[in-house]
Amino acid sequence: MGKKLYITTAIPYVNAKPHIGNALDYLIADIWTRYQKQNGHEVRFQVGTDEHGNKIAAKAAENNTDPKAYTDQMYGNFQSLMTKVGAEFTDFVRTTDEHHVQAVQYIWQKLQTYIYKGKYEGWYCVGHEAFFTDKEVQATGGICPDHQKPYEHISEDNYYFKTSAFTDKIREAIETDRIFITPEFRKKEFLELIKDGLKDVSVSRPRKNLSWGVPVPGDPDQVMYVWLDALANYITVLGYPDKEGWQEYWPADVQVIGKDILRFHAGIWPAMLLGLEIPLPKKLLVHGFVNVGGAKMSKTVGNVIDPNEIIDNYGLDAFRYFFARHIPTLDDGDFTWEKFETAYNNELGNDLGNVVQRVSAMVTRYQAGVIGDAPQSEHDMQPYRDAMNSLNFNQALDQVFLMVRGLNQYLENVKPWEVAKQKDTDPEAESHLAEILASAVGTLLQISDLLVPFLPGTAKAIQSTFETGVIAPGTGVLFPKIYLHTPDPHAGQPPKSA
RNA sequence: GGCAGCGUAGCUCAGUUGGUUAGAGCGCGAGACUCAUAAGCUCGAGGUCACAGGAUCAUUCCCUGUCGCUGCUACCA
């Protein structure tokens, strides 16, 4: 029954600062992982860092250290973000790992028939580690606007990987959903993109231009460029090719990526796998970007949202809640502190936190904390399951909060506080009351169950409050009100906008 | 330029395989209640469902065009 499942996240370049997009990767993968575990499956959950390339080498040189030592001190930034968002990953891969490097060299050799040597000429920017077209160079007057350095015209030997050889197979795999790309419009976008076939990609650089990377086997003058190196991580971390057991988890069930790297994961990566004669991943989950008040997040604008700030002020579950429910899993979303805080205070505080509180308070007050047998709640779970299985996590949470609302409505309907008053006069009131409260607790326990993938801490708190049949004493308030970015409605004269 | 998609209540969006009063949340207004984090519940406010044509007994939901917007992509060199 329990299957072995595998989920991956994109490995960020270690020289960059962790941002909300990375956090989204980890959160989405973690929600999926917890959900699958809850259903009895064994899950391997990969994360990692991409650590080669000129930027790293340059930074290291700046700091008078060697690249490896530099990355050793950098990769922790991402590791701590993963931990901070509560990601229960099982495997952490660094592209500088000994095993990874060797595995990539093995892959290179195995792909030999699809690799050929060619020349590349063009305008190169050291800062970007990339070539630019004549037009781009012209348009900028020959100076890279991002790095304020002139483009260099260079000609160099490159090895190319013949992705073009796999166009038909890849197109077919995507069209038939053997690689299931979700959401659908990303699938269409990609198919449109490869209408005229995949283009071969350059997969190496002369050593003089790229010092820090995996050496090309058999050619001391060439070093691998990012693609083969970085993409391979998804299998090398499992132990490919030599360590036992990697095939128990590959192909990946879900690969979580941002929309900006779809083309690599739907093109080059499947080509590599086909070349290696390894099965293709089953699903690509393509998430969007998080905007802030409708604008792109950018350092220059200064509107970058730091996950740490949210988590430190409101708690981990509040962070997970907002980004799971109010940022659509499969599309762009929008963050503002006002939206966040409103969701926190209203949905988590007033709706969820409060209903837990009111039920436990009534059980304590009317029944000395004794719950009795909480019946199995009989809500229809299908919409929730459908949403989870189709990777629309935000919709799954919508369903949970429909239940929360339903429970509040139920309580208003049956008015246990009135039933409690009749205990002296009506002999049946006591058992009636007990029934009502037990039923409410049953619903809460089910809600907590559904929250496990999303708000693990909250789910646990609800469970431990009720599961023994007696209200656990000293249960604190879930999600106390916080007004850092919106006016406190109860603080004297609330500032009212016209 | 090509491809895809969007334009529905103040805001964010859902929806109708075309058919009586077009929905939710937030925000706003009102009411009844008191177990609870001064929470929750109920009710209300009336939006030409972008605009114009067309097909249809009938369309917000199909077709065409126009305007506006978004994403992906290409290029004009």
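Source: prediction; values computed, not measured. Worth knowing before you read on, the calculation uses all heavy atoms, side chains too, and leaves out hydrogens, waters and symmetry mates. In what follows, every chain begins at residue 1, and chains take the letters A, B, ... in the order their sequences are listed.
- Atom CD1 in A/I471 sits about 14 Å away from atom P in B/A36, given to the nearest Å.
- Between A/K199 and A/Y483, the one whose closest nucleotide on RNA chain B sits nearer the 5' end is A/Y483.
- Residue A/N346 has its side chain nearest to B/G27 when only B/G27, B/U42, B/U34 are considered.
- If you run side chain to side chain contact (heavy atoms under 4.5 Å, CB included) between A/R358 and each of A/V363, A/L411, A/L407, only A/L411 comes through.
- Sorted by first and then second residue, the side-chain hydrogen bond (donor to acceptor under 3.5 Å, both in side chains) pairs involving residues 422-445 of chain A (not counting sequence neighbours) form an empty list.
- Just one of A/Y321, A/Y344, A/F340 meets the ring pair (Phe, Tyr, Trp, His ring centres under 6.0 Å) condition when paired with A/H326; it is A/Y321.
- Checking the phosphate oxygens (OP1, OP2) of B/U42, a side-chain nitrogen or oxygen of A/Q409 falls inside 4.0 Å.
- Side-chain atoms of A/K188 lie closest to B/A4 of the nucleotides B/G71, B/G40, B/A4.
- A straight line from CG of A/N345 to P of B/G40 spans 11 Å, rounded to a whole angstrom.
- Picking from B/U42, B/G40, B/C33 the nucleotide with the shortest atom distance to the side chain of A/W417 gives B/C33.
- B/C13 atom P lies 7 Å from atom NZ of A/K339, rounded to whole Å.
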Go through the steps to decide whether A/K296 and A/D332 satisfy the test salt bridge (Lys or Arg N to Asp or Glu O under 4.0 Å), and finish with yes or no.
-> CA-CA 11 Å; A/K296 274 187 186 168; A/D332 290 352; over 6 Å; no

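- At whole-Å resolution of the value, NE2 in A/H326 and C1' in B/A14 are 15 Å apart.
- Taking all atoms of both residues into account, the shortest heavy-atom contact from A/A324 to A/L397 is CB-CD1, 3.7 Å.
- Separation of the C1' atoms belonging to B/U12 and B/G7 is 14 Å when rounded to the nearest angstrom.
- Look at CD on A/E184: it is 15 Å from C1' on B/C72, rounded to the nearest Å.
- Atom P of B/A14 sits at a distance of 24 Å from the matching atom of B/C28, rounded to the whole Å.
- Under 4.0 angstrom from either OP1 or OP2 of B/C35 there lies at least one side-chain N or O belonging to A/R365.
- If you check every strand for non-hydrogen atoms under 4.0 Å, A/Y366 touches sugar and phosphate atoms only.
- One can place CG of A/D331 at 12 Å from P of B/C6, the figure rounded to the nearest angstrom.
- Between B/C49 and B/U42, the distance separating the two C1' atoms is 28 Å to the nearest Å.
- The gap from the P atom of B/G19 to that of B/C63 amounts to 15 Å, rounded to the nearest Å.
- The phosphate of B/G40 has OP1 or OP2 within less than 4.0 Å of a side-chain N or O from A/N350.
- Residue A/K421 places at least one side-chain N or O closer than 4.0 Å to OP1 or OP2 of B/U34.
- Residue A/K187 contributes atom NZ, which lies 18 Å from atom C1' of B/G71 at whole-angstrom precision.
- Distance from the side chain of A/R405 is smallest for B/G25 among the nucleotides B/G25, B/A36, B/G71.
- Comparing B/G68 with B/A50, their C1' atoms sit 8 Å apart, to the nearest whole Å.
- Residue A/K162 qualifies as open at atom NZ: its count of foreign heavy atoms under 6.0 Å is 12 or below.
- Residue whose closest nucleotide on RNA chain B sits further toward the 5' end, between A/L352 and A/K296: A/L352.
- Comparing B/G40, B/G71, B/A36 against the side chain of A/R186 picks out B/G71 as the nearest.
- Checking B/C35, B/C3, B/C26 against every side-chain atom of A/T342, the shortest atom distance belongs to B/C26.
- Backbone-only contact: A/R263 has heavy atoms under 4.0 Å from sugar-phosphate atoms and none from a base.
- Across B/G2 and B/U56, the matching C1' atoms stand 33 Å from one another, rounded to whole Å.
- Relative to the side chain of A/L193, the nucleotides B/C35, B/C26, B/U73 differ in distance, and B/U73 lies closest.
- Backbone-only engagement by A/D351 is indicated by non-hydrogen atom pairs under 4.0 Å involving sugar-phosphate atoms exclusively.
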